[in-house]
Amino acid sequence: GVPNIKLDVFDDRGDARTAQDVAHAIVRSGKYAAVVGGINSGTAIPSAHIFEQATLINMSLGATNPLLTRSGHRWTLRMSMDDDQLARDTYRVSQDRFLGQPALFIHDGTFYGELTANGFASAHHAFKGEIAHVKNLGIEGDGDLQIPPLSRGAAAVLYLGGMDKFAIKVIDRLPRYIHWTIVSGDGACSEPMAQETARLHMALVCASQERKASVPPSGSAFEQAYKAQFGQQPGQMAQAAFDAVALLVETFGKQGRSASSAVLSQLKSGGTFAGGEGQITFDTRGDNALAPAYLYEADKGVLMFKRRLR
């Protein structure tokens, strides 16, 4: 192991400016070998530029914006799956059930929503060989849906990029004489969305990186120890944080405290590391190619776990 390991905790308050201030303070101190954190993209991306200039390894836990690792930041790693890949994998594992059904692709006009809808559309083209036309309905969801003429009782699928507030407004506008299945990414994979689709007698298939209540325990040593100490299952980011710290400690232990460049090279070499929820392997861009995510289906207004995407 590595002697004299010390963990310090900083709070960026989910605010981009605060995150930058924290990053500058970490760099100025000169005493840190690596940074684990950046729960969301809004804080991780501004911080990544600062850590890049300081050649300080930073490992984000939950930032899902692809730009985090596609902006030339060599010193940035991501434990989670990005939104584009989540949409593509969701389409890949669910598309067989929708064979022959008309498909609509919509989003709310936000960067996240458009990215997710385009991920679905790209996967649709790859699997079906069909060009998908993606429609921007605006943040209020009141744009023209342009639903093709369908007979009463026909089945159709709506691929949706956006948050649940937007999604609920949209599905409330859908004609009831069609049997709809709604497919969404993380933003609309929520209990309110499950309840609304149940009320409207629609099906909901969605994917999230969050371990919701219906996901069976992983049985990892960390999960068992956490539950024994705190009396509850660890939260969404706890296992990822534990794995990230353990991985950095192990790698610095082999390479030495001052060998940051060697550590980074080893982490991005394509090797496989053991994590609490499965294997971890970083590609040359810094993304965890085996990041876990979960497919859910709504059943009577409750999101039920169906399978892991990876």
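Computed from heavy atoms alone, side chains included, the values below leave out hydrogens, waters and symmetry copies.
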Residues G138 and F166: closest non-hydrogen pair is O-CE1, 3.3 Å

Going by distance alone, is a donor N or O of one side chain under 3.5 Å from an acceptor N or O of the other, for D83 and T64? yes

If only atom types and distance count, is the side chain of S29 paired as donor or acceptor with the main-chain N or O of I26 below 3.5 Å? yes

Output for pair (D82 CG, R285 CZ), nearest 0.5 Å, gives 7.0 Å

When you measure from the side chain of T251 to the backbone N and O of L248, does any donor-acceptor pair fall under 3.5 Å? no

Between N58 and T76, is there a side-chain donor-acceptor contact under 3.5 Å, judged purely by atom types and distance? yes

Between T90 and A207, which heavy-atom pair has the shortest distance, and what is it? OG1-CB, 3.0 Å

Nearest heavy-atom contact between M79 and A244 is CE-N, 4.1 Å

Minimum side-chain heavy-atom gap R199-D172 below 4.5 Å: yes

Rounded to the nearest 0.5 Å, what's the gap from CD on E140 to NZ on K165? Could you check? 6.5 Å

Between the CZ atom in F242 and the OG atom in S220, the distance rounded to the nearest 0.5 Å is 8.0 Å

Could you tell me whether D89 and R92 make a salt bridge, using a distance below 4.0 angstrom between a side-chain N and a carboxylate O? yes

Does K128 have more than 12 heavy atoms from other residues, nucleotides or ligands lying within 6.0 Å of its NZ? yes

When rounded to the nearest 0.5 angstrom, what distance separates CZ in R308 from CD in E277? 6.0 Å

Angle between ring planes, F10 versus Y32, binned at 30° and 60°: parallel, tilted or perpendicular? perpendicular

Does any part of the side chain of V134, heavy atoms only, come nearer than 4.5 Å to the side chain of F120, both counted from C-beta? no

Test: K227 and E223 ion pair at under 4.0 Å: no

Between M59 and L264, is there a shared hydrophobic cluster once you connect ILVMFWY residues whose side-chain heavy atoms come closer than 4.5 Å? yes

Backbone of T281 reached by a side-chain donor or acceptor of N288 within 3.5 Å: yes

Residue pair D243, F273: steps toward the side-chain contact (heavy atoms from CB on, under 4.5 Å) verdict: CA-CA 9 Å; D243 287 345; F273 309 91; over 6 Å; no

Taking the side chain as everything from C-beta on, heavy atoms only, tell me whether V183 gets closer than 4.5 Å to F98. yes

Could you tell me whether the side chain of L174 reaches within less than 4.5 Å of the side chain of I171, counting heavy atoms only? yes

Counting only heavy atoms not in R13, do more than 12 sit closer than 6.0 Å to its CZ atom? no

K169 and D142, any side-chain heavy atoms less than 4.5 Å apart: no

Determine, stepwise, if the pair D12 / T18 fulfils side chain to side chain donor-acceptor pair (under 3.5 Å). CA-CA 5 Å; D12 63 19; T18 304; over 6 Å; no

Once you round to the nearest 0.5 Å, how far does NE2 of H73 lie from CG of L67? 10.0 Å

Looking only at atom types and distance, does a side-chain atom of K135 sit under 3.5 Å from a main-chain N or O of I106, one as donor and one as acceptor? no

Would you say E297's side chain and M304's backbone share a donor-acceptor pair under 3.5 angstrom? no

Could you go step by step and tell me if L204 and M202 meet the side-chain contact (heavy atoms from CB on, under 4.5 Å) rule? CA-CA 7 Å; L204 173 65; M202 298 175 181; over 6 Å; no

Please give me the minimum heavy-atom distance between A293 and M81, naming the atom from each residue. CB-CE, 3.8 Å

Examine the side chains of S218 and Q239 and answer whether a donor and an acceptor come within less than 3.5 Å of each other. no

Check for me, please, whether L247 and L61 land in the same ILVMFWY cluster - side-chain distances under 4.5 Å, paths through other members count. yes

Nearest heavy-atom neighbours spanning A156 and I178: CB-CG2, 3.9 Å

Heavy-atom side-chain contact between L86 and L309 under 4.5 Å: yes

Under a 3.5 Å distance rule, please check whether Y296 uses its side chain to pair with a backbone N or O of S214 as donor and acceptor. no

Over 60° means perpendicular and under 30° means parallel, so classify the ring planes of Y91 and F127, tilted if in between. tilted

Are L160 and L115 joined in one hydrophobic group, where the rule is that I, L, V, M, F, W and Y side chains link up if heavy atoms are under 4.5 Å apart? no

Is there a path from F230 to F222 through hydrophobic residues (I, L, V, M, F, W, Y) whose side chains come within less than 4.5 Å of each other? yes

Candidate pair I182 and M193, rule side-chain contact (heavy atoms from CB on, under 4.5 Å), full reasoning: CA-CA 10 Å; I182 313 302; M193 187 65 175; 3.8 Å; yes

To the closest 0.5 Å, what do you measure between OG (S184) and NE2 (H107)? 15.0 Å

Would you say R173 has more than 12 foreign heavy atoms packed within less than 6.0 Å of its CZ? yes

Does Y294 reach the main-chain N or O of V215 with its side chain, forming a donor-acceptor pair under 3.5 Å? no

Connected via hydrophobic side-chain network under 4.5 Å: V205 and L104: no

Counting N and O atoms only, with roles assigned by atom type, does the side chain of K268 sit under 3.5 Å from a partner on the main chain of R74, one being a donor and the other an acceptor? yes

Steps toward side-chain contact (heavy atoms from CB on, under 4.5 Å) verdict (S47, V22): CA-CA 8 Å; S47 301; V22 167; over 6 Å; no

Shortest non-hydrogen contact from A259 toward Q255: CB-O, 3.2 Å

Check whether any side-chain N or O of Q279 sits under 3.5 Å from a backbone N or O of L290 as a donor-acceptor pair, and report yes or no. no

Tell me, do Y226 and Q232 make a side-chain contact under 4.5 Å, heavy atoms counted? yes

Is any side-chain heavy atom of S71 less than 4.5 Å from a side-chain heavy atom of E52? no

salt_bridge(D283, R78) N-O dist < 4.0 Å: no

Salt bridge or not between D15 and R17? Use side-chain N to carboxylate O under 4.0 Å. no

For L68, does its backbone N or O pair with a side-chain atom of N65 as donor and acceptor, under 3.5 Å? no

